[in-house]
Amino acid sequence: FTLMPLVGIVGNPLWGRLSDSIGRRRALTCTLGGTAITFIAFAFADTLMTLYATRVLQGIFHGSISIALAYVAVASGGKNRAKSMGQVFGAMGIGLAIGPALGGLLMGDDVAAFSQTLPCLAAASLSILAALSIFLFRPEPVPAEAGESGRPPAAGSTSQRLRGVLATPALWPLALMIMISGFKMNAEQLAYPYWGMAIDWTPQSVSYGFAVLSV
């Protein structure tokens with residue numbers, strides 16, 4: 001559970017910088033495609049070291065959420081930006097509710113025959129579908145503030161924007177809130193299954209419980 005976010009600390013800024021160069025659409029397609037590959041590898045992993053390796057790869061390709069937010073931020077106008085961001089997080093909430101329920105359904109309730117293969121292949125299929133949808137049907141976003149020229153306003157490099165956040169005390173509480181929220185989510189994902197096993201829940205019951213918590 002720790003490997004993916006740790007690697008993401010390095011991977012997310014790199015994908016952000018790459019998306020500045022090759023465009024949000026291409027970067028989003030790459031991260032979703034890479035996520036599909038990691039799910040397929042996870043589906044057939046049969047050793048602990050293989051699981052570690054797939055989690056590292058998941059951390060490398062974990063930039064899709066931040067790139068999607070950047071896509072929306074660029075494409076939406078000032079008046080619609082907050083609404084559009086809310087819709088993105090609303091969609092994430094729906095996914096966090098449906099995903100565990102689907103995983104529990106696919107893994108079955110037979111503890112002796114437990115396997116992560118079907119849930120991971122389903123996740124890989126959805127990632128491939130998302131990547132193809134972005135690549136085939138979504139254009140590169142045109143900044144709403146670009147005007148008639150169609151050129152985005154200069155925003156500086158990723159490191160310059162990060163320094164801008166650190167130099168703005170008004171943004172510090174927001175950054176702290178995001179860090180605490182991420183810590184809470186990862187800690188919950190680690191602790192909750194152990195709590196479920198302590199009261200003799202099956203993996204399927206734990207998955208359904210995750211879905212209820214998300215709702």
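Note that the structure is a prediction, hence the values are computed from the model and not measured. What's counted below: heavy atoms across the whole structure, side chains too, no hydrogens, waters or symmetry copies.
- Rounded to the nearest 0.5 Å, atoms SG (Cys120) and CE (Met107) are 8.5 Å apart.
- No more than 12 heavy-atom neighbours from other residues, nucleotides or ligands sit within 6.0 angstrom of CE on Met185.
- Among all heavy-atom pairs drawn from Leu213 and Glu188, the shortest one is CD1-OE2, 4.3 Å.
- Annotation: side chain to side chain donor-acceptor pair (under 3.5 Å) contacts involving residues 100-113, sequence neighbours excluded, comprise Asp109-Thr202.
- With hydrogens and angles disregarded, no donor-acceptor distance shorter than 3.5 Å links the side chain of Ser181 to the backbone of Met177.
- With contacts defined as side-chain heavy-atom distances shorter than 4.5 Å, the pair Ile134/Tyr71 does not qualify.
- Leu176 and Leu166 fall into different hydrophobic clusters, where Ile, Leu, Val, Met, Phe, Trp and Tyr side chains are chained together by heavy-atom contacts under 4.5 Å.
- At a threshold of 4.5 Å between non-hydrogen side-chain atoms, the residues Ile40 and Phe44 count as touching.
- Put simply, the side chain of Phe39 does not reach to within 4.5 Å of the side chain of Leu121, judged on heavy atoms.
- The CG atom of Leu132 lies 15.0 Å from the CZ atom of Arg138; values are rounded to the nearest 0.5 Å.
- A donor-acceptor pair under 3.5 Å is formed between the side chain of Ser84 and the backbone N or O of Asn80.
- Heavy-atom minimum distance, Leu28 versus Ser64: CD1-O, 3.3 Å.
- Residues Ile128 and Ala36 come closest through the heavy atom pair CG1-CB, 3.5 Å.
- Expressed to the nearest 0.5 Å, how far CD1 of Ile98 lies from CG of Leu105 amounts to 12.5 Å.
- One hydrophobic cluster holds both Trp195 and Val206 under the rule that ILVMFWY side chains link at heavy-atom gaps under 4.5 Å.
- Pairing each heavy atom of Thr38 with each of Thr35, the nearest pair is OG1-O, 2.7 Å.
- Atom NZ of Lys184 sits about 9.0 Å away from atom CD of Gln189, to the nearest 0.5 Å.
- Note: Ser207 OG to Leu102 CG = 10.0 Å, rounded to the nearest 0.5 Å.
- Residues Gly209 and Tyr192 approach most closely at CA-OH, 3.2 Å, considering heavy atoms.
- Connection of Val74 to Leu69 is not established within any shared hydrophobic cluster, with ILVMFWY side chains joined at heavy-atom distances below 4.5 Å, either directly or through further cluster members.
- Using a 4.5 Å cut-off on side-chain heavy atoms (C-beta onward), Pro203 and Val111 make contact.
- Around atom CZ of Arg25, more than 12 heavy atoms belonging to other residues, nucleotides or ligands sit under 6.0 Å away.
- The two residues Ser19 and Ala27 have their closest heavy-atom pair at CB-CB, 3.6 Å.
- Screening residues 116-137 for side chain to side chain donor-acceptor pair (under 3.5 Å), with sequence neighbours left out, gives Ser115-Thr117.
- Looking at Phe42 and Arg55, their side chains come closer than 4.5 Å, going by heavy atoms from C-beta outward.
- Shown here is Tyr208, whose OH atom has more than 12 heavy atoms of other residues, nucleotides or ligands within 6.0 Å.
- Residues Ile22 and Leu32 are members of one and the same hydrophobic cluster, defined by side-chain heavy-atom contacts under 4.5 angstrom among Ile, Leu, Val, Met, Phe, Trp and Tyr.
- Cluster membership for Leu48 and Leu57, using ILVMFWY side-chain heavy atoms within less than 4.5 angstrom, is shared.
- A donor-acceptor contact shorter than 3.5 Å links the side chain of Trp15 to the backbone of Ile60.
- The CH2 atom of Trp172 sits 13.5 Å away from atom CG of Leu174, with the distance rounded to the nearest 0.5 Å.
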